[in-house]
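Lettering follows sequence order; numbering is per chain, from 1.
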2 protein chains.
Amino acid sequence: MSHPPGTSCVAIVPLFAGLSPEEQDEVATYARPLRRSTGETIHRPGDDVSHLLVVHRGRVKVSHLSAGGQERLLRVLEPGDFMGETAFVTGERPDDLVVALGDVELCSFDHRELGALVQHYPDIALRMLRTVTGRLDEAERTIADLTASDVEGRLAGYLIDLPTQRRDGRVVARLPLAKKDIASLLGTTPETLSRKLAAFAEAGLVEVQGREVVILDPVRLEERTRPAP
Amino acid sequence: MSHPPGTSCVAIVPLFAGLSPEEQDEVATYARPLRRSTGETIHRPGDDVSHLLVVHRGRVKVSHLSAGGQERLLRVLEPGDFMGETAFVTGERPDDLVVALGDVELCSFDHRELGALVQHYPDIALRMLRTVTGRLDEAERTIADLTASDVEGRLAGYLIDLPTQRRDGRVVARLPLAKKDIASLLGTTPETLSRKLAAFAEAGLVEVQGREVVILDPVRLEERTRPAP
DNA sequence: GTCGCCGCTTGACGTGGGTCAAGGCGTGAG
DNA sequence: CTCACGCCTTGACCCACGTCAAGCGGCGAC
């Protein structure tokens, strides 16, 4: 009742996409807004969680802290994505670090209330299952990649999968993250990433200027994806 | 009606544990048995799948084939575990290789029929969500481990997590897989695994004889889990 | 404005572990 | 029984990449 129609988290979230507008309104009743600004941490390992968080505006990054204290970026959540499902579904405490990438608005759902909602609208569980399954597949591909390809291969794949746009007849992609974060995502270090990008540029595959990457030779880039036969 | 009571897949499977015995009987109606013997492949990348498979007896290994054609072991399924949920939930084709580790019995559920079941008993979806979420967490921990720890660290962790039993006052674990498979699971090669095990033995941490591993020094083994500070 | 911090790059170096190759051992087939 | 094949181990080699260190440019704080 207090949420302006159309701007609530609920409307845009795939999780609730199966519900009728009236049902969505009901769900919206349970949503509590949450706001964080650039660099603020939203969740820190060990915090116990009693809420499922849905990203409404902005992006957040989810990393895993390993025993050594170093950070490994796992994934970036965009509007419509959720997190904290582990705590909701099993009782487990997730040991992830979640940080706002920019100014962010989130919606928070209390576990108890969400539980009731799921009971009432089983479709929510199915949609949750769908996205978690997708994440699992992606994670398992990452695992395979980490042992099968070298850094060049993974970087090549990453660049190819980036959304691009044409400008003056050139195909240009914009890096969605700081290079150090991309390094972490690819399981390497900023130093190595820097070198590999330089090597690609040297070889005439790409052209890098800040966060803009011009894809010069998609074919040879694609070739680097697979190991030499 | 044709399944001997108590021996059907359905009874032992967590997926259906929330149902009443009568409901389980109904579910059992849809199950089709499937039998494979040692080394036979149950699913090969690219096969399209219209069934969810539940392991009833024996074990199967699930690997991911990378572009280079090499095999990376992802997980081992034991009785009660299921696979093929990706195809069921999203329409995607899983590119996994599934091979019987010994003689295996499986139960197969057609997607269409299973879909109807899930509609009728939403609890099934919730349980599926629960196990997929667990797998995701595990996969993400593996990802973090692959970049944070070295092979020794991962091996140490693997050995520690192994179920053990006491014999003559010694703590002994039995490797549940061929060493080459363990190597794949840990993201390394049989050669390196062999060397690392030898190194642990050398250091007096373990004693290896075939598939039996005597854990001599759990404390120092545990220490190797974390990187040197 | 100036300072300091942070992200990025480049260089030099050391090494973990992958690869190739060879030999031993156990097991199942014939 | 013998053979052959697959698993495991050990040795030698070498290269990709992580680490340490230094220098640079941009940006926000003050």
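Under the 3.5 Å distance criterion, with hydrogens and angles disregarded, no donor-acceptor pair is assigned to the side chains of A:E92 and A:T86. Side-chain contact annotation: B:D103 with B:T38, donor-acceptor N/O pair under 3.5 Å present. Neither side chain, A:T133 nor B:E85, offers a donor N or O lying under 3.5 Å from an acceptor on the other. A donor atom on one side chain and an acceptor atom on the other are found under 3.5 Å apart for A:E40 and A:S37.
Remark: B:R167 engages B:E212 in a salt bridge, criterion side-chain N to carboxylate O under 4.0 Å. A:E140 has a carboxylate O that lies under 4.0 Å from a charged side-chain N of B:R75, or vice versa, which qualifies the two as a salt bridge. Checked for salt-bridge contact, B:K61 and B:D181 meet the test: a charged N lies under 4.0 Å from a carboxylate O.
With the end axes of the helix from C:dG1-D:dC30 to C:dG30-D:dC1 each set by five pairs, the angle from one to the other reads 50° at 10° resolution.
At a threshold of 4.5 Å between non-hydrogen side-chain atoms, the residues B:I143 and A:L146 count as touching.
Contacts between residues 190-203 of chain A and DNA chain C, counted as heavy-atom distances below 4.0 Å, involve A:E191, A:S194, A:R195, A:A198.
When the options A:R57, A:R36, A:R59 are evaluated for a salt bridge (charged side-chain N to carboxylate O under 4.0 Å, His left out) with A:E105, the one that passes is A:R57.
Bounding nucleotides for the chain A contact on DNA chain C, 5' to 3', at a heavy-atom distance below 4.0 Å, are C:dG7 to C:dA12. Mapping heavy-atom proximity under 4.0 Å, the span of DNA chain D touched by chain B runs 5' to 3' from D:dC7 to D:dA12.
For residues 77-96 of chain B, the pairs satisfying ring pair (Phe, Tyr, Trp, His ring centres under 6.0 Å) are B:F88-B:H111, with sequence neighbours left out.
Here the straight-line distance linking atom CG of B:L106 with atom CG of B:D81 works out to 11.5 Å at 0.5 Å rounding.
Residues that satisfy the side chain to side chain donor-acceptor pair (under 3.5 Å) test with A:R170, not counting sequence neighbours, are A:E207.
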